[in-house]
Amino acid sequence: MQPRVIMLADLDYFFAQCEEKRDPDLKSKPVVVCVYSGRTVESGAVSTANYIAREYGVKSGMPIFLAKKKLQNTNATFLPVDHEFYKMISNRIMAILKDHADRFEQVSIDEAYLDVSQKVNGEFEAAKQLAQDIKNIIEAQERITCSIGIGPNKLIAKIASDSEKPDGLTVVRPTQVEGFLSSLSVDRLIGVGKKTTERMKALGINTIGELAMFDVVRLREIFGKNLGDYFHNASLGLDNEDVQERGEAESISRIATLRQDTRELQIILIKTKELCADIHFSAMRRKLAFRSVGIIAIMADLTVHTRSKTLDTPTIEMATLETVVKELLERFLADSSLEIRRIGVKVSAFETWKDKKTLMEYT
DNA sequence: GTATGCTTTCGGC
DNA sequence: TTACGGCCGAAAGCATAC
């Protein structure tokens with residue numbers, strides 16, 4: 001069997017780059033794209049920052065006030081997210097990427113895997129040329145740069161794409177996998193976050209090479225069979241995951257920050273009704289009935305809690321959605337004591353309906 | 001014991 | 001002195017059925 005050739009294309013600092021595309025004057029200054037919560041004039045979090053802003057220590061998820069502090073005395077620009085604008089640009093770029101792949105898997109608004117094995121006849125040199133062509137087309141048509149990683153599987157392609165950014169192109173041939181991985185820190189592997197990194201460090205494992213040398217039996221004992229095997233295989237650069245076209249989203253959720261922290265049901269219900277209406281509209285437009293309803297509560301101390309309920313039959317009814325949300329909210333308030341800062345609603349476990357007859361069955 | 005389904009948390013972007 | 005979003009999918013954790 002011919003080796004697979006997989007690409008991961010990642011649009012660089014995407015939201016901020018879209019803003020630079022809209023206003024090229026921004027390119028020479030720090031740019032911070034923000035999600036404003038509306039609570040106070042500047043409360044909210046950083047969504048994305050361009051690389052100039054990152055040099056000052058600005059990072060995704062950071063409170064806006066902190067980014068302002070780091071960028072004081074600079075000519076930084078702070079902008080609110082314009083998701084529709086980014087989505088439109090993303091859609092056009094994803095179409096270009098898909099057009100150059102045998103199989104295509106969009107992971108997020110700014111990231112996609114391409115299986116190009118057939119297209120390049122299993123040859124990595126041809127894949128590198130293809131990736132350069134793709135980068136050139138995206139640059140010419142959209143004025144957007146991306147970073148592409150190429151490897152024998154998704155795992156290697158992903159790590160490769162992360163290793164040179166922005167505007168990177170990194171090829172890891174099958175013979176180079178071991179050398180490429182061995183000196184990298186274990187947290188470069190997907191699924192190895194802060195907690196796992198610390199646990200591995202305690203075992204004397206810092207690099208992926210050290211992880212590869214570690215006894216797989218002990219790895220299983222410590223992390224469980226599934227994770228243990230995954231870590232072992234990943235450390236060797238092994239990954240069989242297919243590039244698989246993704247269909248409809250599996251959940252729809254909306255979340256909002258409350259004007260002020262509260263535990264008052266009536267106040268929270270005003271907000272959840274808006275969220276329910278929004279979700280209902282989105283589900284109707286996509287012809288989806290949902291069988292699972294959940295709430296997400298972020299407390300004053302920023303801890304996250306969820307409650308959910310699976311219905312006996314799928315529904316599309318707004319009234320059902322609102323009723324279940326109210327039940328879940330009452331249940332949650334009963335077993336918590338902190339005030340709620342942000343509240344969200346989520347529906348999932350979809351069934352599609354395409355005609356009026358099936359529609360009736362859900363009401 | 002294993003498969004399956006549901007609830008909750010985790011963590012990436 | 002404090003201050004902090006809005007999504008999504010994956011996986012952990014648990015209960016139940018066979």
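Residue numbers start from 1 in every chain, and the chains themselves are labelled A, B, ... in the order their sequence lines are given, proteins ahead of strands. Keep in mind the model is a prediction, meaning the values are calculated, not measured. Atom set for the values below is all heavy atoms of this structure, side chains included, hydrogens, waters and symmetry mates excluded.
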With salt bridge (Lys or Arg N to Asp or Glu O under 4.0 Å) as the test, would you mind laying out the steps for A/Asp10 and A/Lys165 before giving the verdict? CA-CA 9 Å; A/Asp10 186 333; A/Lys165 333 172 120 171; 3.2 Å; yes
Could you walk me through whether A/Phe104 and A/Glu245 pass side-chain contact (heavy atoms from CB on, under 4.5 Å), step by step? CA-CA 6 Å; A/Phe104 176 76; A/Glu245 185 83 30; 4.1 Å; yes
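Other residues, nucleotides and ligands contribute at most 12 non-hydrogen atoms within 6.0 Å of the CZ atom of A/Arg218. Atom CD of A/Glu178 sits in a sparse spot, with 12 or fewer heavy atoms from other residues, nucleotides or ligands closer than 6.0 Å.
Backbone-only engagement by A/Ala256 is indicated by non-hydrogen atom pairs under 4.0 Å involving sugar-phosphate atoms exclusively. Residue contacts for A/Ser43: at a heavy-atom cut-off of 4.0 Å it reaches the sugar-phosphate backbone alone, with no base atom in range. Looking at heavy-atom distances under 4.0 Å, A/Glu111 makes contact with sugar-phosphate atoms alone, never a base. Among the atoms of the strands shown, only primed sugar atoms or phosphate atoms (P, OP1, OP2) are found under 4.0 Å from some heavy atom of A/Ser251. Within the 4.0 angstrom heavy-atom criterion, base atoms lie near A/Ser47. As judged by a 4.0 angstrom heavy-atom cut-off over every strand, A/Arg39 is placed among residues making no nucleic acid contact. Among the heavy atoms of the strands, none lies under 4.0 Å from A/Leu311. Using a 4.0 Å heavy-atom criterion, one finds that A/Lys158 contacts the sugar-phosphate atoms exclusively. Note on A/Gly294: nothing from the nucleic acid sits closer than 4.0 angstrom, heavy atoms only. At a threshold of 4.0 angstrom between heavy atoms, the contacts of A/His305 are confined to the sugar-phosphate backbone, with no base atom among them.
Taking the 5' to 3' direction, DNA chain C first and last meets chain A under 4.0 angstrom from a heavy atom at C/dA3 to C/dA12. A 4.0 Å heavy-atom criterion places the boundary nucleotides of DNA chain B facing chain A at B/dC6 to B/dC13, written 5' to 3'.
Taking CD of A/Glu351 as the start and CZ of A/Arg291 as the end, the distance is 7.5 Å to the nearest 0.5 Å. Note that the CD1 atom of A/Ile208 and the OG atom of A/Ser183 stand 8.5 Å from one another [nearest 0.5 Å]. The OG atom of A/Ser253 sits 6.5 Å away from atom CD1 of A/Ile279, with the distance rounded to the nearest 0.5 Å.
Salt bridge absent: A/Asp301 and A/Arg341 never bring a charged side-chain N and a carboxylate O closer than 4.0 Å. Between A/Asp242 and A/Lys154 no salt bridge is recorded (no basic side-chain N to carboxylate O distance below 4.0 Å). Comment: A/Arg4 does not engage A/Asp239 in a salt bridge, judged by the lack of any side-chain N to carboxylate O separation of less than 4.0 angstrom.
Judged purely by distance below 3.5 Å, without hydrogens or angles, the side chains of A/Thr77 and A/Lys29 pair a donor atom with an acceptor atom.
Between A/Ile252 and A/Val81, the residue anchored closer to the 5' end of DNA chain C is A/Val81, taking for each the nucleotide with the nearest heavy atom. Nearest-nucleotide assignment on DNA chain C puts the 5′-proximal partner with A/Ser37, out of A/Ser37 and A/Lys346.
Residues from residues 332-344 of chain A that place a heavy atom under 4.0 Å from any atom of DNA chain C, listed by number: A/Arg341, A/Arg342.
Note: A/Tyr86 and A/Phe15 meet the aromatic proximity criterion, with ring centroids under 6.0 Å apart.
Of the P atoms belonging to B/dG12 and C/dC4, the separation is 23 Å, rounded to the nearest Å.
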